[in-house]
Number of protein chains: 2
Amino acid sequence: MSGRSRKEVPSWREPLVDYIRSRGGRVTAPRLRVAEVFFGLQGHPGVEEVVQAVQRRWPQIGQATVYRTLHLLVDSGLVEARQFGDRFSRYEAVGSEHHDHLVCDCCGAIREFEDPGIEEAQRRIADAFGFRMTGHRMEIHGCCARCVARQTRPRSGA
Amino acid sequence: MSGRSRKEVPSWREPLVDYIRSRGGRVTAPRLRVAEVFFGLQGHPGVEEVVQAVQRRWPQIGQATVYRTLHLLVDSGLVEARQFGDRFSRYEAVGSEHHDHLVCDCCGAIREFEDPGIEEAQRRIADAFGFRMTGHRMEIHGCCARCVARQTRPRSGA
DNA sequence: TTATGTGCAAATTCTTTGCAGCGTG
DNA sequence: CACGCTGCAAAGAATTTGCACATAA
(Lines give C-alpha, C1' and ligand atoms only; values in the text may rest on other atoms or scores of the structure.)
Protein backbone atom coordinates (compact mmCIF):
# COMPACT_ATOMS: atom_id res chain seq x y z
CA MET A 1 0.00 0.00 0.00
CA SER A 2 2.44 2.67 -1.09
CA GLY A 3 1.17 5.71 -2.90
CA ARG A 4 -0.55 6.03 -6.26
CA SER A 5 -3.13 3.49 -7.18
CA ARG A 6 -2.73 2.50 -10.84
CA LYS A 7 0.12 1.57 -13.14
CA GLU A 8 2.65 2.64 -10.60
CA VAL A 9 6.09 1.07 -10.72
CA PRO A 10 5.63 -2.25 -8.96
CA SER A 11 7.63 -2.77 -5.80
CA TRP A 12 9.22 -5.98 -7.00
CA ARG A 13 10.73 -4.51 -10.09
CA GLU A 14 13.71 -2.64 -8.78
CA PRO A 15 14.99 -5.34 -6.44
CA LEU A 16 14.50 -7.93 -9.16
CA VAL A 17 16.36 -5.94 -11.76
CA ASP A 18 19.15 -5.22 -9.26
CA TYR A 19 19.39 -8.89 -8.41
CA ILE A 20 19.55 -10.01 -12.03
CA ARG A 21 22.22 -7.43 -12.83
CA SER A 22 24.22 -8.30 -9.73
CA ARG A 23 24.43 -11.77 -11.12
CA GLY A 24 25.52 -10.63 -14.57
CA GLY A 25 22.17 -11.75 -15.87
CA ARG A 26 19.87 -10.09 -18.35
CA VAL A 27 16.63 -8.28 -17.79
CA THR A 28 14.38 -9.78 -20.42
CA ALA A 29 10.76 -9.33 -21.36
CA PRO A 30 9.76 -12.91 -20.47
CA ARG A 31 11.25 -12.56 -16.99
CA LEU A 32 9.47 -9.30 -16.31
CA ARG A 33 6.23 -10.67 -17.69
CA VAL A 34 6.33 -13.81 -15.58
CA ALA A 35 7.15 -11.71 -12.52
CA GLU A 36 4.36 -9.26 -13.25
CA VAL A 37 1.79 -12.01 -13.62
CA PHE A 38 3.07 -13.90 -10.60
CA PHE A 39 2.94 -10.92 -8.27
CA GLY A 40 -0.56 -10.21 -9.49
CA LEU A 41 -1.81 -13.61 -8.38
CA GLN A 42 -3.48 -14.28 -5.06
CA GLY A 43 -2.80 -17.09 -2.63
CA HIS A 44 -0.23 -19.82 -3.03
CA PRO A 45 -0.18 -20.78 -6.69
CA GLY A 46 1.59 -23.83 -8.04
CA VAL A 47 3.62 -23.68 -11.24
CA GLU A 48 0.67 -24.92 -13.25
CA GLU A 49 -1.45 -21.96 -12.20
CA VAL A 50 1.34 -19.51 -12.91
CA VAL A 51 1.92 -21.01 -16.36
CA GLN A 52 -1.75 -20.73 -17.22
CA ALA A 53 -2.01 -17.16 -15.98
CA VAL A 54 1.13 -16.20 -17.91
CA GLN A 55 0.02 -17.90 -21.10
CA ARG A 56 -3.37 -16.24 -20.95
CA ARG A 57 -1.60 -12.97 -21.59
CA TRP A 58 1.53 -14.11 -23.41
CA PRO A 59 0.83 -17.43 -25.04
CA GLN A 60 4.27 -17.80 -26.51
CA ILE A 61 6.02 -17.94 -23.13
CA GLY A 62 6.94 -21.55 -22.43
CA GLN A 63 6.57 -23.36 -19.17
CA ALA A 64 10.31 -23.92 -18.87
CA THR A 65 10.70 -20.16 -18.71
CA VAL A 66 8.13 -19.96 -15.95
CA TYR A 67 9.99 -22.62 -13.98
CA ARG A 68 13.29 -20.87 -14.54
CA THR A 69 11.91 -17.46 -13.65
CA LEU A 70 10.30 -18.75 -10.46
CA HIS A 71 13.68 -20.17 -9.44
CA LEU A 72 15.18 -16.79 -10.16
CA LEU A 73 12.58 -15.09 -7.98
CA VAL A 74 13.26 -17.54 -5.17
CA ASP A 75 17.01 -16.99 -5.44
CA SER A 76 16.46 -13.26 -5.36
CA GLY A 77 14.63 -13.60 -2.07
CA LEU A 78 11.45 -12.02 -3.39
CA VAL A 79 9.56 -15.29 -3.42
CA GLU A 80 9.47 -18.40 -1.29
CA ALA A 81 8.83 -21.94 -2.45
CA ARG A 82 6.81 -24.22 -0.23
CA GLN A 83 5.50 -27.71 -0.35
CA PHE A 84 2.35 -28.47 1.53
CA GLY A 85 0.72 -31.89 1.47
CA ASP A 86 0.61 -31.99 -2.35
CA ARG A 87 3.53 -33.27 -4.29
CA PHE A 88 4.16 -30.05 -6.17
CA SER A 89 5.68 -26.74 -5.15
CA ARG A 90 3.72 -23.62 -4.43
CA TYR A 91 5.10 -20.11 -4.54
CA GLU A 92 4.42 -17.11 -2.42
CA ALA A 93 5.62 -13.51 -2.50
CA VAL A 94 7.72 -12.65 0.53
CA GLY A 95 6.20 -9.84 2.53
CA SER A 96 7.74 -7.82 5.32
CA GLU A 97 6.18 -9.84 8.12
CA HIS A 98 6.71 -13.55 8.42
CA HIS A 99 3.63 -15.68 8.51
CA ASP A 100 2.85 -19.37 8.74
CA HIS A 101 0.05 -21.56 7.48
CA LEU A 102 -3.03 -23.44 8.56
CA VAL A 103 -3.60 -26.18 5.99
CA CYS A 104 -7.02 -27.79 5.80
CA ASP A 105 -6.47 -31.43 4.82
CA CYS A 106 -10.16 -31.77 4.05
CA CYS A 107 -10.71 -29.04 1.46
CA GLY A 108 -7.17 -27.92 0.75
CA ALA A 109 -7.74 -24.37 1.96
CA ILE A 110 -4.69 -22.54 3.22
CA ARG A 111 -4.94 -19.69 5.71
CA GLU A 112 -2.15 -17.56 6.96
CA PHE A 113 -1.42 -16.56 10.50
CA GLU A 114 1.27 -14.73 12.34
CA ASP A 115 2.37 -15.32 15.88
CA PRO A 116 5.15 -13.43 17.63
CA GLY A 117 5.42 -16.10 20.32
CA ILE A 118 6.26 -18.75 17.76
CA GLU A 119 8.73 -16.52 16.01
CA GLU A 120 10.50 -15.91 19.27
CA ALA A 121 10.44 -19.54 20.33
CA GLN A 122 12.12 -20.42 17.05
CA ARG A 123 14.93 -18.00 17.62
CA ARG A 124 15.40 -19.35 21.10
CA ILE A 125 15.57 -22.94 19.87
CA ALA A 126 17.94 -22.13 17.03
CA ASP A 127 20.22 -20.35 19.50
CA ALA A 128 20.15 -23.30 21.86
CA PHE A 129 21.49 -25.52 19.10
CA GLY A 130 24.08 -23.06 17.83
CA PHE A 131 22.03 -22.89 14.66
CA ARG A 132 22.14 -19.83 12.43
CA MET A 133 18.51 -19.58 11.42
CA THR A 134 17.83 -18.35 7.90
CA GLY A 135 14.15 -19.18 7.84
CA HIS A 136 11.52 -21.53 9.00
CA ARG A 137 8.29 -22.99 7.96
CA MET A 138 5.48 -24.21 10.02
CA GLU A 139 2.13 -25.66 9.12
CA ILE A 140 -0.74 -26.60 11.31
CA HIS A 141 -2.73 -29.37 9.65
CA GLY A 142 -6.30 -30.28 10.37
CA CYS A 143 -9.83 -29.41 9.36
CA CYS A 144 -10.97 -25.85 8.96
CA ALA A 145 -14.11 -24.66 10.71
CA ARG A 146 -16.21 -25.11 7.62
CA CYS A 147 -15.13 -28.69 7.04
CA VAL A 148 -15.64 -29.50 10.72
CA ALA A 149 -19.20 -28.17 10.39
CA ARG A 150 -19.75 -30.29 7.29
CA GLN A 151 -18.08 -33.29 8.86
CA THR A 152 -15.75 -33.73 5.93
CA ARG A 153 -12.84 -36.09 6.61
CA PRO A 154 -9.13 -35.43 6.14
CA ARG A 155 -7.49 -37.14 3.20
CA SER A 156 -4.68 -39.13 4.89
CA GLY A 157 -1.35 -39.03 6.70
CA ALA A 158 -0.45 -36.53 9.41
CA MET B 1 13.57 -49.30 25.30
CA SER B 2 11.18 -51.85 26.75
CA GLY B 3 12.60 -54.96 28.38
CA ARG B 4 14.74 -57.77 27.00
CA SER B 5 17.49 -56.84 24.66
CA ARG B 6 17.60 -59.24 21.73
CA LYS B 7 15.11 -60.78 19.32
CA GLU B 8 12.24 -59.54 21.41
CA VAL B 9 8.89 -58.97 19.72
CA PRO B 10 9.23 -55.51 18.20
CA SER B 11 6.83 -52.85 19.43
CA TRP B 12 5.52 -52.02 15.98
CA ARG B 13 4.39 -55.52 15.17
CA GLU B 14 1.18 -55.84 17.11
CA PRO B 15 -0.30 -52.47 16.17
CA LEU B 16 0.66 -53.05 12.55
CA VAL B 17 -0.91 -56.50 12.43
CA ASP B 18 -4.02 -55.17 14.14
CA TYR B 19 -4.25 -52.32 11.68
CA ILE B 20 -3.87 -54.58 8.66
CA ARG B 21 -6.50 -56.99 9.95
CA SER B 22 -8.87 -54.16 10.85
CA ARG B 23 -8.79 -53.25 7.21
CA GLY B 24 -9.43 -56.77 6.00
CA GLY B 25 -5.87 -56.85 4.68
CA ARG B 26 -3.31 -59.63 4.86
CA VAL B 27 -0.25 -59.96 6.98
CA THR B 28 2.39 -60.97 4.49
CA ALA B 29 6.10 -61.65 4.70
CA PRO B 30 7.10 -58.72 2.47
CA ARG B 31 5.13 -56.28 4.61
CA LEU B 32 6.68 -57.51 7.82
CA ARG B 33 10.14 -57.49 6.28
CA VAL B 34 9.84 -53.96 4.99
CA ALA B 35 8.53 -52.83 8.37
CA GLU B 36 11.32 -54.62 10.20
CA VAL B 37 14.00 -53.04 8.06
CA PHE B 38 12.39 -49.63 8.17
CA PHE B 39 12.08 -49.53 11.96
CA GLY B 40 15.70 -50.62 12.19
CA LEU B 41 16.90 -47.57 10.26
CA GLN B 42 18.08 -44.37 11.87
CA GLY B 43 17.15 -40.84 10.97
CA HIS B 44 14.77 -39.75 8.25
CA PRO B 45 15.28 -42.13 5.33
CA GLY B 46 13.83 -41.55 1.89
CA VAL B 47 12.26 -44.36 -0.10
CA GLU B 48 15.51 -44.96 -1.94
CA GLU B 49 17.35 -45.70 1.29
CA VAL B 50 14.60 -47.97 2.52
CA VAL B 51 14.57 -49.87 -0.76
CA GLN B 52 18.32 -50.40 -0.63
CA ALA B 53 18.27 -51.53 2.97
CA VAL B 54 15.41 -53.92 2.27
CA GLN B 55 17.00 -55.36 -0.84
CA ARG B 56 20.29 -55.91 0.94
CA ARG B 57 18.51 -58.53 3.00
CA TRP B 58 15.69 -59.59 0.67
CA PRO B 59 16.73 -58.85 -2.89
CA GLN B 60 13.52 -60.14 -4.39
CA ILE B 61 11.34 -57.50 -2.73
CA GLY B 62 10.44 -54.88 -5.31
CA GLN B 63 10.42 -51.16 -4.82
CA ALA B 64 6.70 -50.94 -5.49
CA THR B 65 6.16 -53.07 -2.43
CA VAL B 66 8.32 -50.74 -0.38
CA TYR B 67 6.30 -47.76 -1.57
CA ARG B 68 3.06 -49.58 -0.84
CA THR B 69 4.19 -50.75 2.58
CA LEU B 70 5.37 -47.29 3.57
CA HIS B 71 1.96 -45.93 2.67
CA LEU B 72 0.45 -48.65 4.78
CA LEU B 73 2.64 -47.67 7.71
CA VAL B 74 1.66 -44.04 7.31
CA ASP B 75 -2.01 -44.91 7.16
CA SER B 76 -1.62 -47.03 10.26
CA GLY B 77 -0.28 -44.03 12.13
CA LEU B 78 3.00 -45.74 12.99
CA VAL B 79 4.99 -43.64 10.54
CA GLU B 80 4.90 -40.09 9.30
CA ALA B 81 5.81 -38.86 5.84
CA ARG B 82 7.61 -35.54 5.54
CA GLN B 83 9.08 -33.45 2.79
CA PHE B 84 11.99 -31.23 3.69
CA GLY B 85 13.78 -29.14 1.11
CA ASP B 86 14.37 -32.12 -1.19
CA ARG B 87 11.81 -33.12 -3.69
CA PHE B 88 11.25 -36.61 -2.30
CA SER B 89 9.47 -37.89 0.77
CA ARG B 90 11.20 -38.98 3.93
CA TYR B 91 9.73 -41.28 6.51
CA GLU B 92 9.99 -41.32 10.25
CA ALA B 93 8.68 -43.62 12.96
CA VAL B 94 6.14 -41.88 15.17
CA GLY B 95 7.22 -41.80 18.80
CA SER B 96 5.13 -40.93 21.79
CA GLU B 97 6.26 -37.33 21.98
CA HIS B 98 5.91 -34.92 19.11
CA HIS B 99 9.07 -33.36 17.86
CA ASP B 100 10.05 -30.92 15.15
CA HIS B 101 13.13 -30.43 13.01
CA LEU B 102 16.14 -28.23 12.54
CA VAL B 103 17.20 -28.62 8.90
CA CYS B 104 20.71 -27.57 7.94
CA ASP B 105 20.52 -26.25 4.39
CA CYS B 106 24.30 -26.39 4.12
CA CYS B 107 25.02 -30.05 4.87
CA GLY B 108 21.53 -31.53 4.92
CA ALA B 109 21.73 -32.63 8.54
CA ILE B 110 18.43 -32.93 10.36
CA ARG B 111 18.17 -32.61 14.12
CA GLU B 112 15.12 -33.06 16.21
CA PHE B 113 13.86 -30.87 18.98
CA GLU B 114 10.84 -30.67 21.17
CA ASP B 115 9.31 -27.56 22.63
CA PRO B 116 6.20 -27.50 24.80
CA GLY B 117 5.75 -23.79 24.24
CA ILE B 118 5.43 -24.29 20.50
CA GLU B 119 3.05 -27.19 20.93
CA GLU B 120 0.86 -25.08 23.11
CA ALA B 121 1.00 -22.05 20.84
CA GLN B 122 -0.17 -24.25 17.98
CA ARG B 123 -3.19 -25.41 19.89
CA ARG B 124 -4.00 -21.84 20.79
CA ILE B 125 -3.77 -20.71 17.18
CA ALA B 126 -5.82 -23.62 15.86
CA ASP B 127 -8.50 -22.83 18.43
CA ALA B 128 -8.52 -19.18 17.46
CA PHE B 129 -9.35 -20.15 13.88
CA GLY B 130 -11.91 -22.80 14.77
CA PHE B 131 -9.50 -25.31 13.30
CA ARG B 132 -9.54 -28.93 14.43
CA MET B 133 -5.84 -29.65 14.52
CA THR B 134 -4.80 -33.15 13.52
CA GLY B 135 -1.10 -32.50 13.34
CA HIS B 136 1.52 -30.00 12.45
CA ARG B 137 4.97 -29.76 11.10
CA MET B 138 7.56 -27.19 11.68
CA GLU B 139 11.08 -26.83 10.42
CA ILE B 140 13.70 -24.32 11.32
CA HIS B 141 16.07 -23.87 8.39
CA GLY B 142 19.56 -22.50 8.53
CA CYS B 143 23.13 -23.57 9.08
CA CYS B 144 24.09 -25.93 11.85
CA ALA B 145 26.88 -25.02 14.24
CA ARG B 146 29.42 -27.08 12.34
CA CYS B 147 28.63 -25.48 8.99
CA VAL B 148 28.72 -22.03 10.54
CA ALA B 149 32.19 -22.81 11.88
CA ARG B 150 33.30 -24.01 8.44
CA GLN B 151 31.60 -21.07 6.74
CA THR B 152 29.73 -23.32 4.37
CA ARG B 153 26.92 -21.56 2.52
CA PRO B 154 23.29 -22.62 2.30
CA ARG B 155 22.16 -24.04 -1.00
CA SER B 156 19.25 -21.75 -1.93
CA GLY B 157 15.73 -20.59 -1.16
CA ALA B 158 14.40 -19.90 2.30
C1' DT C 1 29.29 -8.90 -31.01
C1' DT C 2 28.82 -12.50 -27.66
C1' DA C 3 27.24 -14.72 -23.84
C1' DT C 4 22.84 -15.35 -21.71
C1' DG C 5 17.95 -16.40 -22.17
C1' DT C 6 14.07 -18.65 -24.60
C1' DG C 7 10.96 -22.15 -26.48
C1' DC C 8 10.32 -26.63 -27.69
C1' DA C 9 10.48 -31.29 -26.82
C1' DA C 10 12.91 -34.95 -24.89
C1' DA C 11 15.02 -36.55 -20.63
C1' DT C 12 15.05 -37.24 -15.53
C1' DT C 13 13.29 -38.18 -11.16
C1' DC C 14 10.08 -39.74 -7.96
C1' DT C 15 5.90 -42.26 -7.54
C1' DT C 16 1.89 -44.94 -9.01
C1' DT C 17 -0.41 -48.58 -11.55
C1' DG C 18 -1.80 -52.78 -14.63
C1' DC C 19 -1.50 -57.36 -14.67
C1' DA C 20 -0.49 -62.28 -14.14
C1' DG C 21 0.69 -65.31 -10.67
C1' DC C 22 1.22 -66.18 -5.53
C1' DG C 23 -0.25 -67.00 -0.87
C1' DT C 24 -3.07 -65.63 3.32
C1' DG C 25 -7.15 -66.31 5.82
C1' DC D 1 -10.34 -71.24 -2.90
C1' DA D 2 -11.23 -66.24 -3.20
C1' DC D 3 -9.47 -62.11 -2.84
C1' DG D 4 -5.74 -59.31 -1.56
C1' DC D 5 -0.66 -58.81 -2.34
C1' DT D 6 3.65 -59.04 -5.03
C1' DG D 7 7.04 -58.13 -8.57
C1' DC D 8 7.91 -56.47 -12.80
C1' DA D 9 7.83 -53.12 -16.08
C1' DA D 10 5.41 -49.52 -18.06
C1' DA D 11 2.75 -45.29 -17.13
C1' DG D 12 2.27 -40.74 -14.92
C1' DA D 13 3.25 -36.28 -12.88
C1' DA D 14 6.36 -32.66 -11.77
C1' DT D 15 10.50 -30.68 -13.01
C1' DT D 16 14.90 -30.20 -15.56
C1' DT D 17 17.76 -30.01 -19.58
C1' DG D 18 19.83 -29.98 -24.57
C1' DC D 19 19.87 -27.41 -28.40
C1' DA D 20 19.23 -23.99 -32.05
C1' DC D 21 17.66 -19.46 -32.38
C1' DA D 22 16.78 -14.84 -30.33
C1' DT D 23 18.27 -10.79 -27.86
C1' DA D 24 20.20 -7.69 -23.99
C1' DA D 25 24.27 -5.28 -23.00
Using whole Å, report how far [atom1] of [X] lies from [atom2] of [N].
X: A:Leu32; N: D:dT23; atom1: CG; atom2: C1'; answer: 14 Å
X: B:Asp86; N: D:dA14; atom1: CG; atom2: P; answer: 19 Å
X: A:Arg23; N: D:dA25; atom1: CZ; atom2: C1'; answer: 18 Å
X: A:Gln83; N: D:dA13; atom1: CD; atom2: C1'; answer: 14 Å
X: A:Asp75; N: C:dG5; atom1: CG; atom2: P; answer: 12 Å
X: B:Arg31; N: D:dG7; atom1: CZ; atom2: P; answer: 11 Å
X: B:Gln55; N: D:dC8; atom1: CD; atom2: C1'; answer: 12 Å
X: A:Ile61; N: C:dA9; atom1: CD1; atom2: P; answer: 17 Å

First encountered from the 5' end of DNA chain D, between A:Ala29 and B:Ile20: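 Final value for this comparison: B:Ile20.
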Donor-acceptor pair between [X] and [Y] side chains, under 3.5 angstrom:
X: B:Glu139; Y: B:His101; answer: no
X: B:His99; Y: B:Glu112; answer: yes
X: A:His44; Y: A:Glu80; answer: no

Presence of [X] side-chain N/O under 4.0 Å of [N] phosphate oxygens OP1/OP2:
X: A:Arg26; N: C:dT6; result: no
X: B:His71; N: C:dT16; result: yes
X: B:Ser89; N: C:dT15; result: yes
X: B:Arg21; N: C:dG25; result: yes
X: B:Tyr67; N: C:dT15; result: yes

Side chain B:Arg68 and base D:dG7 donor-acceptor under 3.5 Å: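 A donor-acceptor contact between them is present.
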hbond_proxy A:Arg87 side chain to D:dG12 base (donor-acceptor, 3.5 Å cutoff):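 No such pair is found, so the answer is no.
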Looking at every strand, decide which applies to [X] at a 4.0 Å heavy-atom threshold: base, sugar-phosphate, or nothing.
X: B:Gly46; result: nothing
X: B:Arg33; result: nothing
X: A:Gln60; result: sugar-phosphate
X: B:Phe88; result: sugar-phosphate

First of B:Tyr91 and B:Thr28 reached from the 5' end of DNA chain C, by closest nucleotide: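 On the 5' side of the pair lies B:Tyr91.
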Pairwise 5' ranking along DNA chain C for A:Gln63 and B:Glu48, keeping only the more 5' one: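 The residue closer to the strand's 5' end, by nearest nucleotide, is A:Gln63.
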B:Thr65 side chain vs B:Ile61 backbone, donor-acceptor pair below 3.5 Å: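 No, the answer is negative, given that no donor and acceptor are paired below the 3.5 Å cut-off.
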Parallel, tilted or perpendicular, as decided by the 30° and 60° cut-offs, for the rings of A:Tyr91 and A:Phe38: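 Ring orientation, 0 to 90° scale: perpendicular.
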Separation of SG atoms, A:Cys143 and A:Cys106, below 2.5 Å: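 With an SG-SG separation under 2.5 Å, A:Cys143 and A:Cys106 do form a disulfide.
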